[in-house]
There are 2 protein chains.
Amino acid sequence: MSQTVDRALSILPLLAEGPADLGRVADRLGVHKSTALRLLRTLHEHGLVYRQSDQRYRLGARLIALAQEAMENLDIREIAHPHLVRLNESCGHTVHLAVYEESEVLYIDKVESRYPVRMYSRIGKPVAITVAAVAKLLLADLPESERRLLADKLDYPMYTPRSTPNAAAFLRELEKVRDQGWATDLGGHEESINCVGAPIRGGDGKVVAAMSVSAPNVVVTADELLTLLPLVRRTADAISGEYSGRTPVKEVAP
Amino acid sequence: MSQTVDRALSILPLLAEGPADLGRVADRLGVHKSTALRLLRTLHEHGLVYRQSDQRYRLGARLIALAQEAMENLDIREIAHPHLVRLNESCGHTVHLAVYEESEVLYIDKVESRYPVRMYSRIGKPVAITVAAVAKLLLADLPESERRLLADKLDYPMYTPRSTPNAAAFLRELEKVRDQGWATDLGGHEESINCVGAPIRGGDGKVVAAMSVSAPNVVVTADELLTLLPLVRRTADAISGEYSGRTPVKEVAP
DNA sequence: ATGAGCATTGCAAGCATTGCAACACTCCAG
DNA sequence: CTGGAGTGTTGCAATGCTTGCAATGCTCAT
């Protein structure tokens with residue numbers, strides 16, 4: 001809607017790919033160098049980009065601090081965290097919490113496995129949306145039309161032979177997940193990693209977040225992991241209960 | 001430098017305080033509601049702000065993903081991580097990695113303590129700059145003039161009786177740290193928590209990052225923690241060596 | 001030294017941005 | 001059911017911000 005701001009913001013994902021110099025930024029934006037310079041300057045003043053010693057620009061530290069605050073504003077995270085820790089203490093595996101927002105699913109909390117073999121993932125990293133258990137849970141709750149629209153828009157990379165191959169299969173899987181109230185990912189993302197997940201619901205019954213337990217099958221088999229399902233669901237329900245007890249969004253005095 | 005972008009970006013820290021509605025944003029910016037609306041729309045399109053069900057705006061998920069990528073671009077982090085893990089495995093305490101950028105010091109990596117009593121901190125959170133061991137290390141390496149300027153600009157909150165009380169004391173402390181090549185924080189931030197830290201240097205000898213080991217004194221006394229100093233310094237030096245071996249910034253083919 | 005390559009600045013022209021006013025909508029209170 | 005307050009949204013004309021150009025600095029390597 002605003003050309004200038006639009007251009008400026010387009011610089012951020014561009015720099016996320018790696019440091020770039022002025023000419024490169026100007027080219028990618030399709031504007032004159034002097035224009036790019038002024039946009040970069042403004043971003044710099046706000047700390048969103050940083051100029052390294054070789055004069056190239058990269059993303060700045062303020063961005064990291066802002067993201068931090070963004071996460072702390074998500075009250076579901078605050079409420080869920082102790083539950084996740086407790087679950088981790090009783091089963092020892094990696095526990096994730098994820099939310100859906102604007103066609104993306106992303107992890108907003110994680111408790112690390114206590115086993116030496118750990119899976120790679122990081123808070124903030126967008127989730128493999130077509131295969132992850134938490135993604136299925138979150139998308140399964142979308143209204144029919146939106147779900148269909150999104151499923152069509154997605155890519156279906158075959159991380160492994162067990163990955164969801166296409167939109168039709170994905171939609172079927174979502175139906176199943178919706179009916180049974182829990183989800184799995186059995187080697188659909190990484191050959192040797194399995195997950196079991198359950199949804200967290202707000203007061204109105206809508207899914208507001210999803211959690212999962214993940215473990216490589218060198219530690220436990222998929223069947224063994226599935227025995228944790230009742231515990232996972234109980235934890236998710238406990239979080240749901242506590243969450244819907246409170247007001248969904250904090251009110252600020254006028 | 002660019003008014004429009006400047007206004008748009010000013011919205012982000014504002015929303016970091018918590019969700020706000022259109023009127024509130026317009027007021028804080030000192031612009032007409034319609035103007036604020038269009039700026040927010042643009043931010044929304046880029047995923048930097050999100051509109052929650054009650055129509056209020058808050059920071060968006062893309063911000064978190066961007067911050068994630070920002071951190072992954074910091075090559076010092078990649079290099080240091082395995083060293084930090086190894087240090088954690090041999091001593092069991094919390095290990096931090098921090099960098100200085102534009103008058104702020106912030107944690108960019110952390111390995112959690114294996115003891116049940118843990119200190120609170122989060123990656124991305126700005127560090128208590130006047131007391132933290134890592135902050136002292138990073139600031140101690142700044143050129144005289146910049147150091148003095150920054151020291152004057154800072155606040156000196158008395159978290160505990162042992163906190164650095166004022167600019168003069170801080171500058172003295174920085175001199176000391178610079179000369180001895182390591183730093184401590186003995187209960188200056190949290191009464192019961194102590195830290196020992198060492199600097200990580202680039203090929204030109206300049207400090208590019210700092211690391212520290214932290215432990216509450218219910219686990220180890222300050223004196224016991226200090227016996228780890230040689231190990232901490234050796235780890236920091238190992239990271240420095242590996243870092244200056246590579247090119248400091250990755251080169252991209254033209 | 002000299003030139004290439006990049007960043008930076010001043011300036012005039014043009015168009016994107018702005019504030020206004022009118023409209024649409026939701027939610028209460030009467 | 002109806003009116004009104006509060007909020008978000010849209011079309012429009014004027015102006016002032018943004019833009020690209022061209023000229024100037026600056027740094028580095030030949």
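Quick note on labels: first sequence line is chain A, next is B, and so on, each numbered from 1.
From A/Arg178, atom CZ reaches atom CG of A/Leu139 across 12.5 Å, with rounding to the nearest 0.5 Å. Atom OH of A/Tyr57 sits about 10.0 Å away from atom CG of A/Leu15, to the nearest 0.5 Å. Put simply, CZ on B/Arg62 and CD on B/Glu69 are 8.5 Å apart, with the number rounded to the nearest 0.5 Å. Note: A/Arg147 CZ to A/Asp141 CG = 8.5 Å, rounded to the nearest 0.5 Å.
One can place CZ of B/Arg56 at 18 Å from P of D/dG6, the figure rounded to the nearest angstrom. Rounded to whole Å, atom C1' of D/dT18 lies 14 Å from atom CG of B/Asp6. C/dT18 atom P lies 12 Å from atom CG of B/Leu37, rounded to whole Å. Look at CD on B/Gln55: it is 9 Å from P on C/dT26, rounded to the nearest Å. In this entry the distance linking CG of A/Leu40 with P of D/dT18 reads 15 Å, nearest Å. Put simply, NZ on A/Lys33 is 18 Å from C1' on D/dT18, counting in whole angstrom units. The nearest whole Å value for the distance from the CG atom in A/Asp21 to the P atom in D/dC28 is 15 Å. The distance between atom CG of B/Leu22 and atom P of C/dC25, rounded to the nearest whole Å, is 17 Å.
Taking for each of B/Ser34 and A/Ala36 the nucleotide of DNA chain D with the nearest heavy atom, the 5'-most of the two is the partner of B/Ser34. Along DNA chain D, the nucleotide closest to B/Arg38 and the one closest to B/Gly23 are compared, and the more 5′ of them pairs with B/Gly23.
B/Arg24 has no side-chain polar atom (N or O) that falls below the 4.0 Å cut-off from OP1 or OP2 of D/dT7. Residue A/Arg41 places no side-chain N or O under 4.0 Å from the OP1 or OP2 atom of D/dT18.
Side chains of A/His96 and A/Asp109: no donor on one and acceptor on the other come within 3.5 Å.
With the end axes of the helix from C/dA1-D/dT30 to C/dG30-D/dC1 each set by five pairs, the angle from one to the other reads 30° at 10° resolution.
For B/Ser2 and D/dC17, a side-chain-to-base donor-acceptor distance below 3.5 Å is absent, hydrogens and geometry of angles not being considered.
Closest approach of A/Pro199 and A/Ala236 over heavy atoms only: O-CB, 3.5 Å.
Note on B/Thr4: only backbone sugar-phosphate atoms sit closer than 4.0 angstrom, heavy atoms only; bases stay farther off.
Considering only side-chain atoms of B/His32, the nucleotide from D/dC17, C/dC20, D/dT19 that sits closest is C/dC20.
Of the residues B/Leu138, B/Ile200, B/Asp75, B/Leu74, the one that meets the side-chain contact (heavy atoms from CB on, under 4.5 Å) test with B/Val208 is B/Ile200.
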